[in-house]
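Just so it is clear, the model here is predicted, and its values are computed rather than measured.
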Amino acid sequence: MKAYKTVKVFTDRFPLIGPIMWMLSVQYFLTQIFVARAWHPGYSLLQNTISDLGNTSCGIYAGHYVCSPLHSWMNASFIILGSFMALGSLLIYQEFREREGTLIGFSLMAIAGVGTIIVGLFPENTDATLHIIGATLPFLFGNIGLVIVGLKLFVSKNLNYYTLFSGIFSLVALAFFVSHRYLGLGIGGMERLTAYPQTIWLIVFGIYMSKNHILKHLRAHSRKNSLLKSKI
């Protein structure tokens, strides 16, 4: 209970920290572009998985050639993204603690963050079992968390619909991904349909929360100035 109070005090004082963490998830996409450009021969968005970017050796892996010279950048990006997902979930949750179901939704997103950290710590060619476990957490639990947040969190109606759609869409894509039905998109394309909506949602929700806090601060500042003027 004391720990929760401490976190609550922190978020009340610095309400933008959590949303900014989630907005910084954009580094995940930028890093992929940067790391993929170093591949020779070229990296394929459809035939190569995201994890191939973090593969630490050159050679045939899972039936195709993999060589990622900047793999350390990608694995660092996984760890940063996972850390921001977990810590951001803890901080943002404090603003919605009174809402039913939000604890489960944000907890699942935090667990997804831990899984993403595991993906970065254990690249696909070093410990395949831990890597798969790590990837399963955001792919499954993170997207279930999105569905719960979409159903239980009362924000704008459009954001609720978008959140719910992102979770359901990614879970459907996951079902195709694990059953090896890629619908002509390749393993990399289907994996991206599973993974990307969640990360994009983090950025969108971070922007939404940041905008709300800034507007709230501006309104409070405006009311304060109005009261001061009325006293003069």
Side-chain angles (χ1 to χ4, degrees), residues 18-19 21-29 32 45-51 77-78 81-82 84-93 95-119 131-212:
M21 283 183 174
W22 278 10
M23 285 191 293
L24 289 177
S25 296
V26 71
Q27 63 81 23
Y28 177 62
F29 296 114
Q32 287 183 53
L45 293 174
L46 298 182
Q47 302 307 321
N48 289 108
T49 65
I50 302 170
S51 293
S77 179
F78 282 129
L81 173 63
F84 285 168
M85 289 171 67
L87 292 174
S89 296
L90 173 63
L91 296 176
I92 293 175
Y93 163 67
E95 301 189 42
F96 302 101
R97 286 183 62 189
E98 72 280 3
R99 303 290 172 82
E100 180 186 357
T102 55
L103 174 60
I104 298 174
F106 282 108
S107 294
L108 289 175
M109 188 57 67
I111 291 171
V114 173
T116 306
I117 293 173
I118 293 173
V119 168
H131 186 85
I132 292 172
I133 291 173
T136 300
L137 296 182
F139 285 1
L140 180 60
F141 292 100
N143 287 321
I144 291 175
L146 276 184
V147 173
I148 294 173
V149 168
L151 291 172
K152 298 296 184 179
L153 191 63
F154 297 103
V155 283
S156 73
K157 185 175 292 186
N158 287 337
L159 185 57
N160 276 120
Y161 289 150
Y162 167 63
T163 302
L164 188 60
F165 172 79
S166 296
I168 294 174
F169 180 89
S170 294
L171 288 172
V172 171
L174 176 62
F176 282 108
F177 180 70
V178 298
S179 62
H180 306 290
R181 297 177 181 176
Y182 306 135
L183 306 181
L185 298 174
I187 186 173
M190 188 56 68
E191 183 191 36
R192 283 170 171 78
L193 293 183
T194 302
Y196 282 3
Q198 183 181 123
T199 309
I200 294 171
W201 177 85
L202 293 172
I203 298 168
V204 170
F205 196 82
I207 292 172
Y208 171 83
M209 293 297 297
S210 297
K211 184 181 73 172
N212 280 358

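Within 6.0 Å of atom OH in Y208, more than 12 heavy atoms from other residues, nucleotides or ligands are found, so the atom counts as buried in its surroundings. By the neighbour-count criterion of 12 heavy atoms within 6.0 Å, atom CD1 of I207 is densely surrounded, having more than that number from other residues, nucleotides or ligands.
Atom-to-atom distance recorded for I168:CD1 and T163:OG1 is 11.0 Å, nearest 0.5 angstrom. One finds the CG atom of L45 at 5.0 Å from the CZ atom of R192 (value rounded to the nearest 0.5 Å). Taking CD1 of I104 as the start and CD1 of I144 as the end, the distance is 11.5 Å to the nearest 0.5 Å. In this structure, the separation between OG on S25 and CH2 on W201 is 10.0 Å, given to the nearest 0.5 Å. Atom OG1 in T102 sits 11.5 Å away from atom CD in E95 (nearest 0.5 Å). With values rounded to the nearest 0.5 angstrom, N160 atom CG is found 11.5 Å from K152 atom NZ.
For the residue pair F169 and P197, the shortest heavy atom distance occurs at CD2-CG, 4.0 Å. Of all heavy-atom pairs spanning Q27 and S77, the tightest one is OE1-OG, 2.8 Å. Contact record, S89 with F106: CB-O, 3.5 Å, taken as the closest heavy-atom pair. Nearest heavy-atom pair, P19 versus G206, reported as atom, atom and distance to 0.1 Å: CB-O, 3.5 Å. Nearest approach of L171 to F139, heavy atoms of both residues: CD2-O, 4.1 Å. For the pair M190 and R181, the tightest heavy-atom approach, listed with the atom from each and the gap, is CE-O, 3.8 Å.
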Exercise for the section: Before giving the answer on side chain to side chain contact (heavy atoms under 4.5 Å, CB included), spell out for I200 and Y162 the whole-Å C-alpha distance, their side-chain angles and the decisive distance to 0.1 Å. Expected result: CA-CA 11 Å; I200 294 171; Y162 167 63; 3.4 Å; yes

Practice task
Give the C-alpha distance, both sets of side-chain angles, the deciding distance and a yes or no for side chain to side chain contact (heavy atoms under 4.5 Å, CB included) between V119 and H131.
Solution key: CA-CA 5 Å; V119 168; H131 186 85; 3.4 Å; yes

Handout entry: Intermediate values then yes/no, side chain to side chain contact (heavy atoms under 4.5 Å, CB included), L108 and V149
Key = CA-CA 10 Å; L108 289 175; V149 168; over 6 Å; no

Practice task
Check the pair F205 / M109 against side chain to side chain contact (heavy atoms under 4.5 Å, CB included), numbers first and verdict last.
Solution key: CA-CA 13 Å; F205 196 82; M109 188 57 67; over 6 Å; no

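Without hydrogens or angle criteria, Q198 side chain to P138 main chain gives a donor-acceptor distance under 3.5 Å. In this structure a side-chain-to-backbone donor-acceptor pair under 3.5 Å is present from S179 to F176. Judged by distance alone, the side chain of E191 and the main-chain N or O of I50 form a donor-acceptor pair under 3.5 Å.
Using a 30° and 60° split on the angle between ring planes, Y28 and F78 fall in the tilted class, from 30° to 60°. The aromatic rings of Y182 and F177 sit tilted relative to each other, their planes meeting at an angle between 30° and 60°.
With S166 as reference, L146 is the one residue of L202, N143, L146, V147 to meet the side-chain contact (heavy atoms from CB on, under 4.5 Å) rule.
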